[in-house]
Amino acid sequence: MKKHAIIPIFIPHEGCPNDCVFCNQKKITARTHAEEKVDIEETASRYLSTLNNPRPEIIEMAMYGGSFTGIPVEKQNEYLDIAKGYKDNGLIDKIHLSTRPDYISPEILENLKKHDVDIIELGVQSFDDEVLRLSERGHNSAAVYKSCELIKDYGFTLGIQLMVGLPGDTREKSVYSAYETVKIMPELARIYPTIVIEDTKLLDMYRSGQYTPLTLEEAVETSKQMYTILQDAGINIIRVGLKSSDIINEKGEIYGNTFHPAFRQLVESEIAKEKIRRELERLASDGSGEIILTSNEHSFSNMIGMKGSNKKYFSTVYPEYRFLYRKDNTLPDYKYKAELR
């Protein structure tokens, strides 16, 4: 049974007070116009019709795209009234939205609480003030800490979105942002590598030589460190990287090499390789024989690695051993066991 389902409602670029250097919202929401009441009802009906055999444990209606709390309050309430109606009738379980750190206040949160909103995600991106300035975010890190505290004080589930490789960013700064996130302890987090797309100031900076994107390998390595920090703290990482279906203009150019349609698996495969390598260093000495590597079914593809990359790696580094790969669903997710036979 599917445990979690989302009904996506798109509000592209509405409510956002400025264009950050990396942002062309129309290209990263798969929509060019906001949905009206009839669109929302049609979307909800279409999704709900597929979610009854059996019904997931949790169904969310999520407002994606713009900075929700920046749009006029009348429009906010129009969306929220519709979502609350579905929730009151038991058709959905949670209302989920995203916004900017500087568009949170007690008045805004009172209105969201009145409409029974459950989850608020903040597009934090970085806790480094220089990175925020160079990215033209329009706020500093103080706004992040203040808004996170308010959201938690009002009893909402908090999510934090982080970006890797923004202008002025370094691996150390990204890792610092992960540690600051742990201090705040949101329930949810997302990690996105910066992608250079058309019709953005970042593309102009890239073309002029003012900005150099991370390589894919650099983005994976930094995201791996951040992912491990957040996961070890018990934060639920609900997304790593953009999917190809998130890009509206499939024929439009993506510049640099940080985009990969399976970015999360690249990151999780690297984490699995590191965990298994530590196990093998403990097991494998000057002997030979067979080593059985085991994970549950959910983590098995990470253990194997993207296109078998981890299998190739272990066979190359330990040629004297024969590796066997097994599944054991009694193991928890992301747990890898190595046994010498």
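Numbers for residues simply follow the sequence, beginning at 1.
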Taking every non-hydrogen atom, the tightest pair across [X] and [Y]:
X: P193; Y: A219; answer: CB-CB, 4.2 Å
X: L109; Y: F156; answer: O-CZ, 3.6 Å
X: D93; Y: E57; answer: OD2-O, 3.6 Å
X: L158; Y: I184; answer: CD2-CG2, 3.8 Å
X: T258; Y: T215; answer: CG2-O, 4.2 Å
X: A44; Y: I7; answer: CA-CG2, 4.0 Å

Exercise for the section: Test the K311-Y313 pair against the cation-pi criterion, namely NZ or CZ under 6.0 angstrom from the six-membered ring centroid and within 45° of the ring axis. Expected result: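 Output no; distance or angle outside limits.
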Problem - Aromatic Y336 / basic K275 pairing, under 6.0 angstrom, 45° off normal - result: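 No, cation not above the ring by the 6.0 Å, 45° rule.
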Whether the side chain of [X] engages the backbone of [Y] through a donor-acceptor N/O pair (distance < 3.5 Å, no angle test) should be reported.
X: K84; Y: I95; answer: no
X: K113; Y: Y154; answer: yes
X: D129; Y: N140; answer: no
X: H115; Y: V117; answer: no
X: S135; Y: L132; answer: no
X: D333; Y: H298; answer: no
X: S177; Y: F127; answer: yes
X: K173; Y: G165; answer: no
X: S147; Y: V144; answer: yes
X: S45; Y: E41; answer: no

Is it true that [X] and [Y] make a salt bridge, defined as a side-chain N closer than 4.0 Å to a carboxylate O?
X: E130; Y: R133; value: yes
X: E180; Y: K183; value: yes
X: K37; Y: E78; value: no

Quick one about [Y] and [X] (side-chain donor to acceptor, distance below 3.5 Å, no hydrogens or angles considered), yes or no?
X: T222; Y: R171; result: yes
X: T330; Y: D328; result: yes
X: E268; Y: Y334; result: yes
X: D169; Y: S174; result: yes

Hydrophobic clusters here meaning ILVMFWY residues chained together by side-chain heavy-atom distances under 4.5 Å, can you tell me if [X] and [Y] are in one?
X: I151; Y: I119; answer: no
X: I238; Y: I120; answer: no
X: F263; Y: I304; answer: yes
X: V240; Y: Y179; answer: yes
X: Y321; Y: L280; answer: yes

Min side-chain heavy-atom separation [X]-[Y] under 4.5 Å:
X: Q161; Y: L122; result: no
X: S295; Y: N302; result: no
X: I59; Y: L48; result: yes

Handout entry: Pair E281-R278, salt bridge (Lys or Arg N to Asp or Glu O under 4.0 Å): steps then yes or no
Key = CA-CA 5 Å; E281 287 171 354; R278 289 197 294 266; over 6 Å; no
Exercise for the section: Applying side-chain hydrogen bond (donor to acceptor under 3.5 Å, both in side chains), run through T157 and D118 and close with a yes or a no. Expected result: CA-CA 6 Å; T157 295; D118 300 278; over 6 Å; no
Handout entry: salt bridge (Lys or Arg N to Asp or Glu O under 4.0 Å) between K87 and D116, worked out
Key = CA-CA 9 Å; K87 188 175 180 181; D116 215 7; 3.4 Å; yes
Problem - Residues in side chain to side chain donor-acceptor pair (under 3.5 Å) contact with E42, at least two apart in sequence or another chain - result: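 Side chain to side chain donor-acceptor pair (under 3.5 Å) list for E42, sorted by chain: R46.
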Practice task
Kindly state each residue pair satisfying salt bridge (charged side-chain N to carboxylate O under 4.0 Å, His left out) with at least one member in residues 213-235, sequence neighbours excluded.
Solution key: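 Every salt bridge (charged side-chain N to carboxylate O under 4.0 Å, His left out) pair that includes a residue of residues 213-235, provided the two are not neighbours, is E221-K224, K224-E274.
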